[in-house]
Amino acid sequence: MFIILRSVIFRIIAVLTESSNPKDVDALIAKEVTKRYTGHLALDRVSITIPEKTIYGLLGPNGAGKTTLIRIINQIINRDSGDITVFGEPLNARHVEQIGYLPEERGLYKKLEVGEQLLYLAQLKGLSRAEAMKRIKVWLEKFEIKDWWKKKVEDLSKGMAQKIQFISTVLHEPRLIILDEPFSGFDPVNAQLITEQILELKEKGCTIIFSTHRMETVESLCDHIALINKSKKILEGPKKQVKDQFRSNTFVVEHRGNHFHLPAERYELIRQKPVGEDLYETVIRAGEGIKGNQVIRELIDLTEVQSFQEKLPTMADIFISLVKAEGDEALRKHLLES
Amino acid sequence: MNKVLLIIQREFLNRVQKKSFLLTTILVPLIFPAIMGVVFYVMLKDAESAQAKAVMVVDESGKFRFENSRKFTFAPVDLTIEQAKKAYQEPDNFALLHVPAFELDKPEGFTIYLKENPSIEKLSELENVLEKQIRDMKLRAFNIDEETLKKLESSVSLKTINLSETGEEKASNVGVLNAAGFLLGILIYMFVLIYGIQIMQGVIDEKTSKIVEVIVSSVRPFQLMLGKIIGIASVGLLQFLIWIVLISVLSTAVMGYFGEKMPQQQIAEQMAGQLGGEEAKQVVENQNNEVMEVFSEIGQIPFAKIAFVFVFFFLGGYLLYGALFAAVGSAVDSIQESQQFQFPITLPLLVAYLGLFLFILRDPHGPVSFWLSIIPFTSPVAMVGRIAFGVPDWHLVLSMALLVIGFLFTTWIAARIYRVGILMTGTKVNYKVLAKWFMMKN
C-alpha cells in the first residue's frame, strides 16, 4: 500500500517538474493539422515542432499550404482538425499578443501618418498607447527615421514602407515572429538591415518562423527547416541534420595531370573538367562507408592534389532530389526558376 | 470589446480629421440658408417692385366696372380700338384690353394686346377678373342686389380633425404631416446610401492596400467589420448633428432678418388699408388664424415619439444596410467591380424611396404603405414617412421587431461573406462564389 502511494507521489512530482521546466517547452507544436477548402485539401495532417529560440524555415512552392498554416497559427482562419500548442498552451485568443505577423500580402493605411499608424497597430496588439509611443520612438531611432512620424504612408517609398511594416510586426515584442516571404520586394540594403534585426531578435530569445520558397535565405539564416509540398509535410529537422541526411559522399578534387584511376568498384567518376593550365577539377562519389581521409590517402598516390573538399548538398539540391522522388516535375521547374 | 472601441475610434478620427469632412460639414448648412436667403430676397424684391400693372381698357360693351386691385389698375379710355393701339405705345402701359359689344349669354371676342409675352399667371388673373365681372353681371340680371353679392363672397379653409377610435379629437394639417414624412424619409434614405457606400469604400481600401491581413491577425474579422460600421455611423451622426444645429441657427437668423420685411404681412396690411373697416379685420384675422393653426398643429405632433422612432429606424436601417455594404466591399477589389453587387442592395432602398412618394405620403394608411413600413428592408424609410400621420402601436412594434431581426440576419450573412472575402484578392467573384464563401466553414 505504502509503496503504491509512494510511487504515485513520485509520479506526480515527476509530472510537475517536467511541465514546469521551461527547457521542454517548444515555441509551437502542430499535430495533424488539416484544412479543407471546398473541393481542395489545403493542409493534409501536417505536424511540425518549432523549438524555442530558433529560426525555423517553412519551405515549399507557392500553393503548397504554407500561408494556410500560417493563417491558422495566427487564428485568421480555423483548422478543421488537429492540435496546435503555442509555448505549451493550446492555441487561444491571448496568443495574438505573443505573435508578430508580417504577411506576404502586406500594406499600410495609405492616408495615415507613420506614427499614428504604428500606434494603432500596436494598440490592436494589446499595448497601451503610452508604451507603444515609447517603443515606436526607439525603433524609429534605430532605423534612423525619427523625422518620419508625421509623414503619410502614401508619401513613402516602397522600401521605407517596408521598414514601417517590419517595425509594426515586432513592436509588441512578440515571442513568436512569423515572416511570410519577408524579403520579397526588399532592396538589398533593406534586406540586410532586416536580416540583422532578425538575428538580433533571435539573440534576445524570439522564435522566428520564416516562410519562403527562396533557398538562399534558408541556407544562411535558418536553424530548422520543414518542407511542405502539395499540402503535406515531406521533411523536417535541424538544418545540419537534414544536410547530413542528404550527404551523398561526393568529393571535389583539384589536381594537376588528368590521369588517375580510382578503383571502379568503390568510386564513381561524376565529371572532370579543366579549370586552368594543366589543372583539373574532378568530382567523384565514394562508395558507402568510405570516409574523406581514405579518399585523400588513395588520391595522393595517383595525382598531385591541389585542393580537396566534400561537396555538401545545398537546400535546393535536397529539394530537387526529394521532389524528383515524388515525381513532381512542376515543383522542380519552379525551384530551378527561383 | 476594447479592440472594437479602438477600431471605432480610428475609423472615426480617420474621417473627421479629413479636410473634406470639415468642408462638407460647414458648407452644406451654409448652402441651405443661403438658398432660403436668396429665395426670400427675390420674393422681397418682387413684392417691392410689384406695382400694379396699367391696363388700358376699350370697353365697347359699356358693361364693365373694373375695380383696381394690387395687381392691375384699369384705365377705361374713350377711344376706338385703332386709336387706343396708338395710345397704348406709351411705356407705362402694360396691356390693352379690348372688350367688344357682346351678349351676356355668349361672352366672346375679348382680346388683349401686349408688348411682350405675358406669364400664364398674369393671363389667368386677368381672365379671372373678366369672369368674375361677367358672373356678377349675370347675377344682377337675375335681380340679385349688391348687398347679396357681397355676402356671397366667403373665404374657406378646410380644417381637418382626426377622430380617433377613442373619440379623441386631434387637429391635423395634412401639409405639415406631409412635409414631416417627406423630410424624415429622405433623410434616412440619404444617410443609409451615403454612409453605406462609405463603409464599402473603407473595406475596399483596406483590402486593396493589403493592411487587412495584419489587422485580422490582431482582431476577429467580425470585430473589424463592426468597428468600421459603428465608426462610420458616429461620423455620420456627428455630421448630421452639426448640420441640424447650424441649419437651424442660420435659418433662424435668415428668417429673422427677412421676416420683418416679409411680403405676407405687408400685403395683409395693405389690403386692410384698401378695404377698410370690418372686412379688413376679417382678412387679417383669417390669415392670422391660418398661421396659428399651422403652429398649433406642429405643436400637437408627438415630437418625442417621432424623434424616438426616427432615431431607432435611422440606426436600424443603417446597420441593416451597412453590413451588406461591408460584405460587398469585401467581395470586390475596386469600386467599379462593386456595381453588380450594389444593385440588389440599393433596389429595396429605391423601392422604399419611391414608395414614400407614390403611396405613403398619398395614402399613409393603405395596404401598400402598411407593408412597406413593416418589411425591414423598406421600413426605415417608409415607417418614418408614416409616423407623423399616426401609426397604430402594433404596427410600430411589429416593424421595429422585424427590423432588429432583419439587421441581425443581414449582419450574420454579411459577416460570413466578409471574413472570407477580405483575404481573397484577384478572384473573379459572382453570386455563386459568394454563396460558396457563405457556406464555408470558419
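Chain identifiers are assigned alphabetically (A, B, ...) following the order of the sequence lines, protein sequences preceding nucleic acid strands; residue numbering begins at 1 within each chain. The model shown is predicted, which means the values in this text are computed figures rather than measured ones.
- Of all the listed residues (A/V153, A/L112, A/I73, A/L121), the one sharing the greatest number of non-hydrogen pairs under 4.5 Å with chain B is A/L112.
- Of all heavy-atom pairs spanning B/S217 and A/K125, the tightest one is O-NZ, 3.5 Å.
- Annotation: A/K142, atom NZ; neighbour count of heavy atoms from other residues, nucleotides and ligands within 6.0 Å is above 12.
- At a 4.5 Å heavy-atom cutoff, the contact between B/I7 and chain A is made by backbone and side-chain atoms alike.
- Across all non-hydrogen atoms, the minimal contact from B/L6 to A/L124 is CD1-N, 3.9 Å.
- Of the atoms belonging to A/Q117, it is side-chain heavy atoms, and not backbone ones, that fall under 4.5 Å from chain B.
- Of the listed residues B/Q9, B/M439, B/E206, the one with more heavy-atom pairs under 4.5 angstrom with chain A than any other is B/E206.
- Annotation: maximal heavy-atom pairing with chain A below 4.5 Å, among B/N14, B/L423, B/T208, occurs at B/L423.
- With a threshold of 4.5 angstrom between heavy atoms, B/V216 approaches chain A through its backbone and through its side chain.
- Remark: B/E213 CD to A/T67 OG1 distance equals 7.5 Å, nearest 0.5 Å.
- A distance of 8.5 Å separates NZ in A/K111 from CG in B/D205, rounded to the nearest 0.5 Å.
- For chain B, no part of A/Q165 is nearby; none of its heavy atoms comes within less than 4.5 Å.
- Within a 6.0 Å sphere centred on OH of B/Y431, other residues, nucleotides and ligands contribute more than 12 heavy atoms.
- Separating the CD atom in B/Q17 from the CD atom in A/E113 is a distance of 8.0 Å, to the nearest 0.5 Å.
- A distance of 11.5 Å separates OH in A/Y37 from NZ in B/K436, rounded to the nearest 0.5 Å.
- Inter-residue side-chain proximity for B/K210 and A/E105 is flagged as met; some heavy-atom pair is nearer than 4.5 Å.
- Looking at B/R220, its side chain never comes within 3.5 Å of a backbone N or O of A/I76 through a donor-acceptor pair.
- A 4.5 Å side-chain heavy-atom check between B/R10 and A/Y109 finds every atom pair outside the cut-off.
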